[in-house]
Amino acid sequence: MDRSQKADVVDELKRVFAETSVVVVTRNLGLTVAQSTDLRLKMRDAGAQFKVTKNRLALIALDGSRYQPIGDLLTGPTALATSGDPVAAAKVAVDFAKTTDRFEIVGGAMGDTVLDVDGIRALAALPSLDELRATIVGLVQAPATKIARTVSEPGAQLARIFSAYAAKEAA
């Protein structure tokens with residue numbers, strides 16, 4: 001990799017660190033190509049990115065960013081999982097780490113907060129942004145549904161009573 005390519009990688013990483021809300025540092029302990037491809041696809045489906053980078057270039061990109069404290073975690077064969085959704089990258093990384101012993105989570109950061117392995121696991125246990133939105137929509141719609149049911153119920157009761165009287169007189 002020549003100097004210009006390295007500069008491009010650093011610029012790309014700086015852009016990613018500026019736009020992302022969570023960074024999960026993982027260690028690759030010999031993933032196969034199939035496993036690595038599977039992990040990348042799962043990350044992409046969740047709206048996250050998974051990138052293997054040179055630690056030295058990542059440290060340069062981290063300099064001056066809010067994720068600078070995770071620089072200590074970048075030793076050995078590491079990779080970075082990032083996402084705009086604070087939960088997506090952590091969720092996929094934790095789920096994938098459960099299925100293979102060649103992939104481990106080292107730590108990470110969410111904004112200015114540095115997270116250890118347990119912090120990443122706790123973050124992965126939270127509902128995703130889409131799940132929270134669906135819950136809020138359900139809570140907002142529930143009262144309207146209850147009001148509509150309450151308003152229409154007396155009319156339905158009267159209709160059943162009249163129907164019962166009509167059936168009784170017909171018999």
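Please read these numbers as outputs of a predicted model, since none were measured by experiment.
Of the residues listed (Leu115, Val106, Ile105), the one engaging Val25 in a side-chain contact (heavy atoms from CB on, under 4.5 Å) is Val106, and it is the only one.
Contact check for Thr26 versus Phe96: no side-chain heavy atoms found under the 4.5 Å cut-off. Here the side chains of Phe103 and Leu29 are not in contact, with every heavy-atom distance at 4.5 Å or above.
Placement of Val92 and Val24 in two distinct hydrophobic clusters is found when ILVMFWY residues are connected by side-chain heavy-atom separations under 4.5 Å, directly or transitively. Criterion: ILVMFWY side-chain heavy atoms under 4.5 Å apart, direct or through other members. Under it, Val23 and Val10 are part of a common hydrophobic cluster. Residue Ile70 is grouped with residue Leu57 when hydrophobic side chains (ILVMFWY) are merged at heavy-atom distances under 4.5 angstrom, including chains of intermediate members. Tracing side-chain contacts under 4.5 Å through hydrophobic residues (I, L, V, M, F, W, Y), one never reaches Leu73 starting from Val16; they form parts of separate clusters. Residues Leu13 and Val52 fall into different hydrophobic clusters, defined by Ile, Leu, Val, Met, Phe, Trp and Tyr side chains chained together at heavy-atom separations under 4.5 Å.
There is no side-chain donor-acceptor pair under 3.5 Å between Thr78 and Asn28. For the 3.5 Å distance criterion, the side chains of Asp2 and Ser4 qualify, holding a donor opposite an acceptor.
Counting only distance, with no hydrogens or angles, the side chain of Arg27 and the backbone of Thr75 share a donor-acceptor pair below 3.5 Å. A distance-only check finds a donor-acceptor pair linking the side chain of Gln35 to the backbone of Thr32 [under 3.5 Å].
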Assess whether salt bridge (Lys or Arg N to Asp or Glu O under 4.0 Å) is satisfied between Lys14 and Asp11, documenting all intermediate values.
-> CA-CA 5 Å; Lys14 282 185 178 185; Asp11 290 341; 5.4 Å; no
Can you check side chain to side chain contact (heavy atoms under 4.5 Å, CB included) on Glu12 and Asp8, steps first, answer last?
-> CA-CA 6 Å; Glu12 173 66 19; Asp8 291 343; over 6 Å; no
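A pairwise comparison of heavy atoms in Gly30 and Arg102 identifies O-NH1, 3.0 Å as the closest pair. Of all heavy-atom pairs between Met43 and Ala81, the closest is CE-CB, 3.5 Å. Considering all non-hydrogen atoms of both residues, Asn55 and Gly76 come closest at ND2-O, 2.8 Å. The nearest pair of heavy atoms linking Ala58 to Thr53 is CB-OG1, 3.8 Å. Across all non-hydrogen atoms, the minimal contact from Ser83 to Gly47 is CB-O, 3.9 Å. Of all heavy-atom pairs between Pro127 and Val87, the closest is O-CG2, 3.7 Å.
Scanning for ring pair (Phe, Tyr, Trp, His ring centres under 6.0 Å) contacts around Phe50 gives an empty result, with sequence neighbours left out.
Atoms CG and OG1, from Leu39 and Thr100 in turn, are 10.0 Å apart once rounded to the nearest 0.5 Å. Annotation: the span from Gln49 atom CD to Arg44 atom CZ amounts to 9.5 Å, rounded to 0.5 Å. Taken from OG1 in Thr20 to CG in Leu80, the straight-line distance is 10.0 Å, to the nearest 0.5 Å.
Between Lys42 and Asp45 there is no salt bridge, since no side-chain N of the basic residue sits under 4.0 Å from a carboxylate O of the acidic one.
Counting only residues at least two apart or on different chains, the side-chain hydrogen bond (donor to acceptor under 3.5 Å, both in side chains) pairs with a member in residues 64-73 are Asp63-Gln68. Counting only residues at least two apart or on different chains, the salt bridge (charged side-chain N to carboxylate O under 4.0 Å, His left out) pairs with a member in residues 17-26 are Arg15-Glu19.
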